[in-house]
Engineer: 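The structure that follows is given in the form of structure tokens.
Heavy-atom basis, side chains included; hydrogens, waters and symmetry copies ignored. Proteins come first, then strands; the chains are lettered A, B, ... in the order of their sequence lines, and each starts at number 1.
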Protein chains: 2
Amino acid sequence: MEPVSTDHVAALRHFNRYFTRRIGALDDHYLGQDRPLGEARLLFEIGDGVSLRALRARLGLDAGYLSRMAKALETQGMVRITVHPDDNRLRMVELTPAGRIELKEQNRRANALAAGLLAELDPRQQEQLTEAMATAQRLLRLAGITVELVDGAAPEARACLDAYAADIDARFPEGFDKSDLVRPEEVSGDAGAFFVAYEEGRPVGCGALRRLKPGVGEIRHVWVHPAARRLGLARRLLAALEGEAAARGFDVIRLDTHATLTEAQAMYRASGYTEIPAYVDHVYADHWFEKRLP
Amino acid sequence: MEPVSTDHVAALRHFNRYFTRRIGALDDHYLGQDRPLGEARLLFEIGDGVSLRALRARLGLDAGYLSRMAKALETQGMVRITVHPDDNRLRMVELTPAGRIELKEQNRRANALAAGLLAELDPRQQEQLTEAMATAQRLLRLAGITVELVDGAAPEARACLDAYAADIDARFPEGFDKSDLVRPEEVSGDAGAFFVAYEEGRPVGCGALRRLKPGVGEIRHVWVHPAARRLGLARRLLAALEGEAAARGFDVIRLDTHATLTEAQAMYRASGYTEIPAYVDHVYADHWFEKRLP
DNA sequence: CGGATTCTTTGACTAGGGTCAAAGAAATAT
DNA sequence: ATATTTCTTTGACCCTAGTCAAAGAATCCG
């Protein structure tokens, strides 16, 4: 947790007030042009055939409420409701052609609204606005991500490692074999630690710390979900791992990485790691780094 | 109207969706902690004694709806409703001490929420976020301002000129006398033009164009409300005036300005104006500029 | 096979947010 | 002084958004 100046708090609140009043309110308005907002949102979320069950989970709606809204959209001719072929309890909802047209129209209106707003700005200003919003969004996303210590055997931990494995299997010319992953017991309890980063409840990154030998820890499997890259999350994970290593009394942290992962190497160097000779024979490593903890 | 790339439209909509979902929704939540949102908003808008009438105008509420909400707040002990001393039809609403405490608490909660969000970012990132939001807000404000041609005798035109006069009266060491302002007929119809910039319906800037002699126009009284400065609005006003001058067939535009208005001089130079000798004897001028229209 | 679970539908109900019109009280305009 | 306008209150409504519980149908589990 970092200290927060009241100036920044005031700035965030000020922007929030301005933005929701100026833009957010407009948005609601266009969406619910000729249809209640709930139905409009639902229409928007029905891509190409979803089950009511999935919609309920995704939008967090009450079963009865959803059932009624779906039926309303059906009588309006916007969607078709069918029984799931394999499970007769489930209902599938899909857009009719009319629904698709309606959605497109909704989209068109929203675009026209945004374009009308932007048209008052010259191209350079438009560019600046887009860039400022991208920066703000990147930082707000990062602020919403929490890094938590979990058990190495926890399902999210394994899910992250599986995603990590699949990810680098595609990137390494020689592929990647899962047997190289840390075993749960290596990164749990006294043996080590495992951190998972969550964004809105979903795991979007991980990192493992294990004891290499007395006083020496090893960081492994620092991974960030493709959709959460370029936010600065890897650094946060690294900081969490280093903090944990310091708390466990390690003096030195080591890690290895692969030649193809150039961004990772740059990050390690920028974080105070220096390249060292091979300290362990990992199949997939060809660069080794070390950092002395203060 | 500038062309708008679909990329910028998509960026704005994307940011909007993300922001309203992540931050806007949260905000609503805190506000309506133990009180309906409408009442919470009302409580927020009652500073130190407002009339129901003013609230109605400001928030665009139905008279009946407002009346009931105010009464609800009164029975909760949050506000006191009194009769306006000079007009017995009007009701004045003001916060009670309890209302003030409640409002402070509301504020504290909102601040805590924002601070909690920011605390995940390091100080440099907080700085960046604040700056990005300020940029975005500046540009969104500018995008929301329209510049319109109005009659020189229109009340908004005169209101702007009065504000302009008061403004520079305070800035010029020698003060400023209103008799130097353009007369309505000089900037109306065939004689000239008057532009007013509106932000959310309120005039926030102006600029006048009048015929000096055949083929030569003069720009006068370019003014921006203090709350709308540093947005780039003066340039927009200038562009509108120049466009109008070109449409009227002027070849040359002239203007004068005062030594204390250094920002204005910088803007004129940047916009292609060059300094010339005095072309007219204005009491308050000591720099004269000219621009040849293409 | 039988019981538990899952998924959906239906009925009943609530609160919030808001509109509309009538009417009374004051103030303003003529 | 009268008519008109302004401001507020009140009663009667409406819709949206949502909750809760019961019940029926299908599936899953042991």
Side-chain angles (χ1 to χ4, degrees), chain A residues 20-21 24-25 27-46 49-76 78-94 106, chain B residues 20-21 24-25 27-46 49-76 78-94 106:
Chain A
T20 45
R21 190 172 50 80
D27 217 55
D28 270 10
H29 210 72
Y30 86 77
L31 261 172
Q33 196 100 86
D34 37 11
R35 180 182 324 285
L37 229 133
E39 286 177 25
R41 268 203 298 254
L42 193 58
L43 202 58
F44 186 81
E45 291 288 338
I46 299 167
V50 217
S51 64
L52 284 186
R53 171 166 162 260
L55 278 175
R56 230 179 52 228
R58 175 142 33 111
L59 303 178
L61 295 174
D62 175 79
Y65 184 31
L66 176 59
S67 172
R68 258 181 277 259
M69 276 202 294
K71 202 152 58 169
L73 285 175
E74 192 185 26
T75 60
Q76 290 167 44
M78 296 292 114
V79 304
R80 196 177 300 114
I81 301 180
T82 54
V83 177
H84 190 283
D86 302 335
D87 186 339
N88 287 318
R89 290 171 306 180
L90 271 74
R91 296 287 171 278
M92 301 300 291
V93 204
E94 56 178 334
Q106 216 178 72
Chain B
T20 45
R21 191 173 49 78
D27 218 55
D28 271 10
H29 211 70
Y30 86 76
L31 260 172
Q33 197 100 84
D34 37 11
R35 181 183 322 286
L37 229 132
E39 286 177 25
R41 269 203 295 256
L42 193 57
L43 202 57
F44 186 81
E45 292 287 338
I46 300 168
V50 217
S51 65
L52 284 186
R53 170 166 162 259
L55 279 175
R56 230 178 52 225
R58 176 143 30 114
L59 303 178
L61 295 173
D62 174 81
Y65 184 30
L66 176 58
S67 171
R68 257 181 278 260
M69 277 201 295
K71 200 154 57 170
L73 286 174
E74 191 185 27
T75 60
Q76 290 166 44
M78 298 291 114
V79 304
R80 196 177 301 114
I81 301 180
T82 55
V83 177
H84 190 285
D86 302 335
D87 186 339
N88 287 317
R89 291 170 306 177
L90 269 75
R91 297 285 170 277
M92 301 300 291
V93 204
E94 55 178 335
Q106 216 180 71

Engineer: With DNA chain D as reference, determine whether A:Gly38 or B:Ala70 sits nearer its 5' end, using the nearest nucleotide of each.
Structural biologist: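 On the 5' side of the pair lies B:Ala70.
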Engineer: Check the distance between C:dA29's P and B:Asp87's CG and give it to me in whole angstrom.
Structural biologist: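 Spelled out: CG on B:Asp87 to P on C:dA29 is 12 Å.
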Engineer: Please name the pair of heavy atoms, one in B:His84 and one in B:Asn88, separated by the smallest distance, quoted to 0.1 Å.
Structural biologist: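 Where B:His84 meets B:Asn88 most closely, the heavy atoms are O-OD1, 3.8 Å.
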Engineer: If we only count heavy atoms from C-beta on, is the A:Arg35 to A:Leu73 side-chain gap below 4.5 Å?
Structural biologist: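 Side-chain contact under 4.5 Å: yes.
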Engineer: Taking CE from A:Met92 and P from C:dC7, how many angstroms apart are they, rounded to a whole number?
Structural biologist: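 Atom CE in A:Met92 sits about 13 Å away from atom P in C:dC7.
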Engineer: Could you walk me through whether A:Glu74 and A:Arg80 pass salt bridge (charged side-chain N to carboxylate O under 4.0 Å, His left out), step by step?
Structural biologist: CA-CA 6 Å; A:Glu74 192 185 26; A:Arg80 196 177 300 114; over 6 Å; no
Engineer: Quick one: label B:Asp62 by what it contacts on the DNA or RNA (base, sugar-phosphate, nothing), any heavy atom closer than 4.0 Å.
Structural biologist: base
Engineer: Reading DNA chain D from 5' to 3', where do the contacts with chain A start and stop? Cut-off is 4.0 Å to heavy atoms.
Structural biologist: D:dT16 to D:dT27
Engineer: Check whether any side-chain heavy atom of A:Arg91 sits under 4.5 Å from a side-chain heavy atom of A:Val83, and report yes or no.
Structural biologist: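 A:Arg91 vs A:Val83: side chains touch.
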Engineer: Can you tell me whether the side chain of A:Arg68 and the base of C:dG11 have a donor-acceptor pair closer than 3.5 Å?
Structural biologist: yes
Engineer: Rounded to the nearest Å, what distance is computed from the CG atom of residue B:Leu90 to the C1' atom of nucleotide C:dA25?
Structural biologist: 12 Å
Engineer: Starting at NE2 of B:His84 and ending at C1' of C:dA25, how long is that distance when rounded to a whole Å?
Structural biologist: 16 Å
Engineer: Find the distance B:Arg41:CZ to C:dG18:C1' and express it as a whole number of Å.
Structural biologist: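 The answer, rounded to whole Å, is 12 Å.
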Engineer: When you compare the side chain of A:Leu42 with that of A:Leu66, does any pair of heavy atoms fall below 4.5 Å?
Structural biologist: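 Answer yes - side chains close enough.
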Engineer: For residues A:Val79 and A:Val93, determine if any side-chain heavy atom of one lies less than 4.5 Å from a side-chain heavy atom of the other.
Structural biologist: yes
Engineer: Name the closest nucleotide to the B:Tyr65 side chain, picking from C:dC7, C:dT19, C:dA27.
Structural biologist: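 Closest nucleotide among those given: C:dT19.
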Engineer: Between atom CZ in B:Arg91 and atom P in C:dA27, what is the gap in whole Å?
Structural biologist: 10 Å
Engineer: Is any side-chain heavy atom of A:Glu94 less than 4.5 Å from a side-chain heavy atom of A:Ile81?
Structural biologist: no
Engineer: In whole angstrom, what separates B:Arg56's CZ from C:dC20's C1'?
Structural biologist: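 Computing the B:Arg56:CZ to C:dC20:C1' distance gives 14 Å.
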Engineer: Need one value for A:Gly64: base, sugar-phosphate or nothing, where a base atom within 4.0 Å counts as base even if backbone is also close, heavy atoms only.
Structural biologist: base
